[in-house]
Amino acid sequence: MESETLALDLDDNGFPIDSLSSEEEPVDRDSEKVEERGLVIPSAVQNTGSFALDFYAGGTDWSCLISKEKCSGNKGLVQKNLFQAWGIEKPSLIPSRSSISFSPPRKRHCSKRIAEDRSGTERPRICPFYKKIPGTSFAVDAFRYGLIQGCSGYFLTHFHYDHYGGLSKRWSHGPIYCSPLTARLVKMCLSVNPLFICPLELDTEHLIDGVKVTMLEANHCPGAALVHFRLKDGRCYLHTGDFRACKMMQSYALLTSQRINVLYLDTTYCNPKYRFPPKEDVVNFVVRTTRKYLEKQPKTLVVVGSYSIGKEHVYVTISQALGVQIYTDPSRRRILQSFGWPQLCGQLCSSGQTSPLHVLPLSVLRPESLKEYLKKYSPQFTAVLAFRPTGWTYSEATGNHLDLIKPTSKGNITIYGVPYSEHSNYEELREFVKFLRPERIIPTVNVGNAANRDKMQSYFQEWLKT
DNA sequence: GCGATCAGCT
DNA sequence: CACAGCTGATCGC
């Protein structure tokens with residue numbers, strides 16, 4: 001192997017190996033990262049087939065792994081929580097005199113200007129390599145990078161802002177492939193030219209640019225899909241987008257019939273400390289708790305917090321258990337109606353007075369805001385019982401014991417944080433990977449730091465032993 | 001005035 | 001913190 005002239009090495013998963021201790025100076029390394037030089041083929045790649053070669057052909061810029069993907073400005077590093085969680089020191093920032101070729105800085109007259117060493121430097125948005133599907137002209141959830149060289153098909157896994165960001169009426173870079181429900185949401189909520197929106201029926205093989213593409217239910221938010229690619233050469237790639245792995249997925253024929261060569265995995269909670277319960281357990285707890293409060297105080301207004309889409313199951317279940325309608329504001333109602341789910345659509349009502357069950361943006365689920373909100377419905381309702389459903393609510397102390405959850409109470413306002421997650425917990429990730437036994441795994445979340453990636457890779461290796 | 005984007009915030 | 005946004009300010013048009 002002649003590796004003398006080679007600048008970068010890859011680990012088993014196509015990530016650049018952190019080689020600060022090698023002959024290279026940090027400065028060189030920095031510039032190497034960002035220079036759009038010709039293909040530099042690392043030694044590690046040369047013997048490992050086309051996978052990493054394809055990645056390199058798709059772009060050699062790794063700087064996206066250093067800055068937070070959704071952080072477009074000049075903020076510092078991210079993932080501090082995981083540094084803490086895994087007992088890792090916060091790494092030093094890359095030099096701010098980065099040699100990235102900055103796009104012309106836009107002048108902003110912000111009175112709260114940030115520190116000088118951070119000002120005036122803007123990182124260009126370059127599509128991270130793990131959003132490109134090697135051997136194809138496809139990218140996944142990559143709309144905020146403008147035109148991606150060589151990309152002629154843009155996949156959208158689900159309708160959450162951090163995945164569709166960049167889609168607007170000015171989108172003109174290529175067709176947007178997504179599930180039919182997601183397609184409806186894009187049409188309703190964004191002003192994208194409808195000609196670009198290409199709905200792909202779930203569980204159906206679609207031939208696109210010679211690649212067989214199948215969308216599969218992802219058990220995340222409504223419309224969310226896993227994307228399965230089968231290339232001409234027979235290689236199979238699975239991109240999970242965001243998902244919550246479950247037993248049902250083990251019955252997908254596509255996942256049992258042929259080995260997955262590369263799994264692009266939603267690793268949001270890929271740490272053993274995340275042991276939150278199944279969604280059903282959490283929903284049952286919410287219903288139990290609601291019943292208890294209503295018994296004590298029948299004039300309780302029940303509130304469920306939610307982002308734009310997601311968490312519907314929580315309030316639909318309350319609605320069914322108590323036999324009450326669901327109130328939410330017209331804009332959210334319009335979106336929920338578009339799902340076409342009878343259990344949901346049939347229960348929506350347009351007056352807050354006629355329903356004791358309201359769905360509000362999570363930002364309202366604070367004691368002061370809810371107190372204000374309750375005033376509008378006085379004296380019909382005299383207290384609020386609110387639920388914030390999110391995976392981050394999970395605490396190790398509480399663990400799986402939902403009944404140990406202590407609400408925050410202020411007067412007649414009670415707020416429960418409940419660990420209802422639409423991402424896989426650690427165990428579910430492990431089970432899914434052990435079932436799938438993919439040849440290679442590329443994590444797509446928490447990848448901003450080599451130590452995080454190493455930690456995750458060590459989990460993967462452990463799971464795939466023998 | 002309007003849509004898009006960004007900093008700051010939760 | 002992050003999840004997946006939201007809010008308000010400030011751009012271009």
Side-chain angles (χ1 to χ4, degrees), chain A residues 67-86 88 90 103-115 118-125 141 143-146 157-172 185 189-193 220-224 241-244 266-271 273-274 276 279 305-312 314 329 331-332 335 359-369 388-395 408 415 417-425 443-449 452:
Chain A
S67 70
K68 179 181 170 187
E69 176 202 330
K70 66 173 90 167
C71 165
S72 55
N74 37 28
K75 290 209 262 181
L77 291 182
V78 291
Q79 313 301 354
K80 288 172 197 163
N81 62 323
L82 283 178
F83 296 152
Q84 284 174 359
W86 289 331
I88 297 158
K90 193 170 134 188
S103 49
R106 291 172 66 186
K107 288 216 173 107
R108 288 191 171 274
H109 306 289
C110 179
S111 54
K112 291 184 201 167
R113 195 60 219 168
I114 49 179
R118 289 173 161 197
S119 66
T121 59
E122 282 183 25
R123 201 184 298 284
R125 276 186 293 213
D141 296 337
F143 300 96
R144 37 180 309 146
Y145 312 100
T157 61
H158 64 289
F159 195 71
H160 276 156
Y161 180 76
D162 53 335
H163 293 256
Y164 68 68
L167 278 180
S168 70
K169 77 155 76 156
R170 295 205 318 269
W171 177 262
S172 63
L185 292 168
C189 305
L190 311 175
S191 320
V192 174
N193 182 340
H220 182 63
C221 65
D242 282 356
F243 83 133
R244 183 154 187 181
D266 165 19
T267 46
T268 302
Y269 294 115
C270 186
N271 183 309
K273 74 181 231 182
Y274 292 116
F276 46 74
K279 291 195 282 190
S306 170
Y307 295 122
S308 60
I309 64 170
K311 323 290 184 188
E312 292 76 15
V314 176
D329 63 89
S331 66
R332 184 190 300 270
I335 289 168
V359 181
L360 295 177
L362 268 177
S363 55
V364 184
L365 293 222
R366 288 171 291 125
E368 317 79 55
S369 318
R388 306 176 121 266
T390 159
W392 300 111
T393 303
Y394 171 79
S395 85
T408 60
I415 305 174
V418 291
Y420 183 92
S421 171
E422 290 178 336
H423 294 269
S424 319
N425 65 25
T444 61
V445 183
N446 296 324
V447 294
N449 162 273
N452 289 347

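Convention: sequence-line order gives letters A, B, ...; per-chain numbering from 1.
Put simply, His160(A) has a side-chain N or O that comes within less than 4.0 Å of OP1 or OP2 on dG5(C). Phosphate proximity of dC3(C) to His220(A): absent, as no side-chain N or O sits under 4.0 Å from OP1 or OP2. Between Arg170(A) and dC13(C) there is no side-chain N or O to OP1 or OP2 distance below 4.0 Å. Between Ser308(A) and dG5(C) there is a side-chain polar atom (N or O) within less than 4.0 angstrom of OP1 or OP2.
Among the nucleotides dA4(B), dC6(C), dC3(C), the one closest to any side-chain atom of Ser191(A) is dA4(B). Closest to the side chain of Asp242(A), out of dC3(C), dA4(B), dA4(C), is dA4(C). Of the candidates dT10(B), dC3(C), dC6(C), the closest approach to any side-chain atom of Thr268(A) belongs to dC3(C). Comparing atom distances between the Ser168(A) side chain and each of dC6(C), dT5(B), dA4(C) picks out dT5(B) as nearest. Between dC6(C), dC3(C), dA4(B), one nucleotide has an atom nearer to the side chain of Val445(A) than all others, and that is dC3(C).
With sequence neighbours excluded, the residues satisfying ring-ring contact (aromatic ring centres under 6.0 Å, His included) with Tyr164(A) are Phe159(A), Tyr161(A). With sequence neighbours excluded, the residues satisfying side chain to side chain contact (heavy atoms under 4.5 Å, CB included) with Pro367(A) are Lys410(A), Ile415(A).
In the interface, the side chain of Thr390(A) is paired with the base of dC3(C) through a donor and an acceptor atom under 3.5 Å apart.
Nucleotide dA4(B) holds its C1' atom 12 Å from the OH atom of Tyr164(A), rounded to whole Å. Between the CG atom of Asp329(A) and the P atom of dC6(C) there is a distance of 11 Å, given to the nearest Å. In this structure, the NE2 atom of His158(A) is 10 Å from the C1' atom of dC3(C), given to the nearest Å.
Contact check for Asp242(A) versus Thr157(A): no side-chain heavy atoms found under the 4.5 Å cut-off.
Here the side chain of Arg244(A) pairs no donor or acceptor atom with the backbone of Asn425(A) at under 3.5 angstrom.
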